[in-house]
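Notes for the one structure printed next.
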Amino acid sequence: NSFEPCDFVLFGTQGDLARRKLLPSLYQLEKADLMHAETKVIGVARQDISQVEYVALVKENIEKFSKEELCQETWQRFSEKLDYVQVDMKNIDSYKAFKDHVDPKRMMVCYFATPPSIFGDICLGLKAAKIIDKSMRVVLEKPIGHDLASSKKINDQVAEFFDESQIYRIDHYLGKETVLNLIALRFANSIFATNWDHNCIDHVQISVAESVGIEGRWGYFDEAGQMRDMVQNHLLQILTLIAMEPPANLDADSIRDEKLKVLKSLRPINASNVRQNTVRGQYVGGFVKGQEVPGYLDEPDANTSSESETFIALKVELDNWRWAGVPFYLRTGKRLPNKTSEVNIFFKRQPHNLFKDSFPELPANKLTIRLQPDEGVEVTVMNKVPGLTGKSSMDLQKSKLNLSFSETFKDERIADAYEKLLLEVMLGNQALFVRRDEVEAAWKWVDGILAAWKNSNEPPEPYQAGTWGPVASIALLAREDRAWYESR
Ligand code: BG6
């Protein structure tokens, strides 16, 4: 359980992810009393710094990246858990340094917050230092590879040393409260559970918009593009939770078996249908929230001839019984007007309209699940306008049933996704982590689209920063008589 002590080893402790997210999240777990008093957090990096310097750096990061003032009492306890080992992760001999820092009798968690290209080196180094055993858990950060072949290679390298039951592949969206709530919403509420298929649902929109640009990560991002950075993982994971069949229980493999079936039923997009079903865009300069921002090709470090996409819109279909004929439209991009992630489920219209006088086109019900920010769930319903007179005997109005998390759960702090996921690793629960076959099924589908784009030789369409992407993404829905919904 959470109170089992462990050696939590953080490879890449000086990297962006560890500094921004992992160390502040571990600190929050300490604050919530969810770390055993004897747990140690061992940072690993190449820099030659002393223990005292390391602790000072961690403090600086937590102060900078936690959204609250440092709690001295928590910091005192947390800082006593910190340790630092200097390791050149590509040099097997240098892992010897480890031996004096970890306790072989304790469970060890190794978080690989490094580029995946050195996951294999780290495994070899741990083996050489003779500290691998069956109780050890390893956490891998996305992206696992840049296509199916490279992802298999990385997974094979790690599998040489660790069993799948020891491997925790992170997709931080699976640690977000609202993403987890999709499971509760669907399976704890019969009104949704029984209406969740092609008989009742017209289409689904999944939109993950960001107002930020590349934020100094041009090199990484340009190799990945929005497809590998966001769709292959976060958007497809959200899609699986919306589309999966009810799992038999909440065990890790029961859930992951169902998610895998969804990924396997994704209809391939290839040269024959790529034009009808996809739109790729790249932002040019514009204004976001009133601030002038440069275009993608004018960002620092940019390679001016890049054709990587920063925006994607897709029409996705699932070839299975439940979702036959129900399109899932996915949209995600950088430098869009604001940061909003949401799922919109559009139900089918009523077969006959009794209210033609006040509403010639009776709108369909819509369920909006706001993943972030202003987390919540909203249902649009039609109501009679109260009153004795009106345009007709039954004047209708569209209204919203709105559940706002911040109002309903006032006293609950919404934890960062990484806090939840790090806790789950320490608890040994794999349900919120992506299994190897899921990653590979996702890559297989994504590879088809990437290959079709490459063959088509068409550059991404420009869109102005601060807009909702290229006009073609609007047309993608408009030609099917639908429109993207923007709740804000
Ligand atoms: C990361 C991507 O996985 O997710 C980033 O690499 C992106 O490009 C980020 O900005 C978005 O995460 P969140 O939690 O801010 O929605």
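If you're wondering where the values come from, they're calculated on a predicted model, not measured in any experiment.
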Open item on the list: Tell me whether the rings of His203 and Phe346 are parallel (<30°), tilted (30 to 60°) or perpendicular (>60°).
Closed with: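 Geometry flag for Phe346 against His203: parallel rings.
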Open item on the list: Please verify the inter-ring angle class for His234 with Tyr173; under 30° counts as parallel, over 60° as perpendicular, anything in between as tilted.
Closed with: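 The rings of His234 and Tyr173 lie parallel, inter-plane angle below 30°.
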[Y]/[X] salt bridge by N-O under 4.0 Å criterion:
| X | Y | result |
| --- | --- | --- |
| Glu375 | Lys176 | no |
| Arg435 | Glu438 | no |
| Lys444 | Glu440 | no |
| Asp447 | Arg228 | no |
| Asp156 | Arg436 | yes |
| Arg370 | Glu342 | no |
| Arg169 | Glu164 | yes |
| Lys334 | Glu215 | no |
| Arg349 | Asp202 | no |
| Asp253 | Arg256 | yes |
| Glu486 | Arg331 | yes |

Has [X] got a side-chain atom pairing as donor or acceptor with [Y]'s backbone, closer than 3.5 angstrom?
| X | Y | answer |
| --- | --- | --- |
| Trp196 | Ile242 | yes |
| Lys142 | Asp229 | yes |
| Asn189 | Leu185 | yes |
| Lys21 | Phe65 | no |
| Ser358 | Met394 | yes |
| Glu258 | Ile255 | no |

Open item on the list: Going by side chain to side chain contact (heavy atoms under 4.5 Å, CB included), name the residues that satisfy it together with Ala248, two or more places apart in sequence or in a different chain.
Closed with: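 Result, side chain to side chain contact (heavy atoms under 4.5 Å, CB included) vs Ala248: none returned.
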Task: Any residue meeting side chain to side chain contact (heavy atoms under 4.5 Å, CB included) with Asn249, in chain and number order, not counting sequence neighbours - done: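 Only Asp251, Ser254 meet the side chain to side chain contact (heavy atoms under 4.5 Å, CB included) criterion with Asn249.
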- [ ] Drop me the distance from Thr368's OG1 to Asn402's CG, to the nearest 0.5 angstrom.
- [x]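 Result: 9.0 Å between the selected atoms.
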What's the shortest heavy-atom distance between [X] and [Y], and which atoms?
| X | Y | result |
| --- | --- | --- |
| Ser25 | Leu422 | CB-CD1, 3.8 Å |
| Trp445 | Ile269 | CZ2-CD1, 3.9 Å |
| Gln430 | Ile167 | NE2-O, 2.9 Å |
| Ala483 | Gln205 | O-NE2, 2.8 Å |

Task: Derivation of the ring pair (Phe, Tyr, Trp, His ring centres under 6.0 Å) call for Tyr463 and Phe311 - done: CA-CA 9 Å; Tyr463 63 97; Phe311 174 96; 5.5 Å; yes
TODO: Any ring-ring contact (aromatic ring centres under 6.0 Å, His included) involving residues 412-444? Give me the pairs, sequence neighbours left out, ordered by first then second residue.
DONE: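 Of all non-adjacent pairs touching residues 412-444, those that pass ring-ring contact (aromatic ring centres under 6.0 Å, His included) are Tyr168-Phe433, His172-Tyr418.
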Open item on the list: If you count every heavy atom of other residues, nucleotides or ligands that lies below 6.0 Å from Lys384 atom NZ, does the total exceed 12?
Closed with: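 Yes, enclosed.
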TODO: Show the numbers, then the answer: is there a side-chain contact (heavy atoms from CB on, under 4.5 Å) between Glu210 and Ser341?
DONE: CA-CA 8 Å; Glu210 292 184 89; Ser341 301; over 6 Å; no
Task: Test item: Lys339 and Gln372 side chains (from C-beta on) under 4.5 Å apart, heavy atoms - done: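 Side chain of Lys339 against side chain of Gln372, heavy atoms only: contact under 4.5 Å found.
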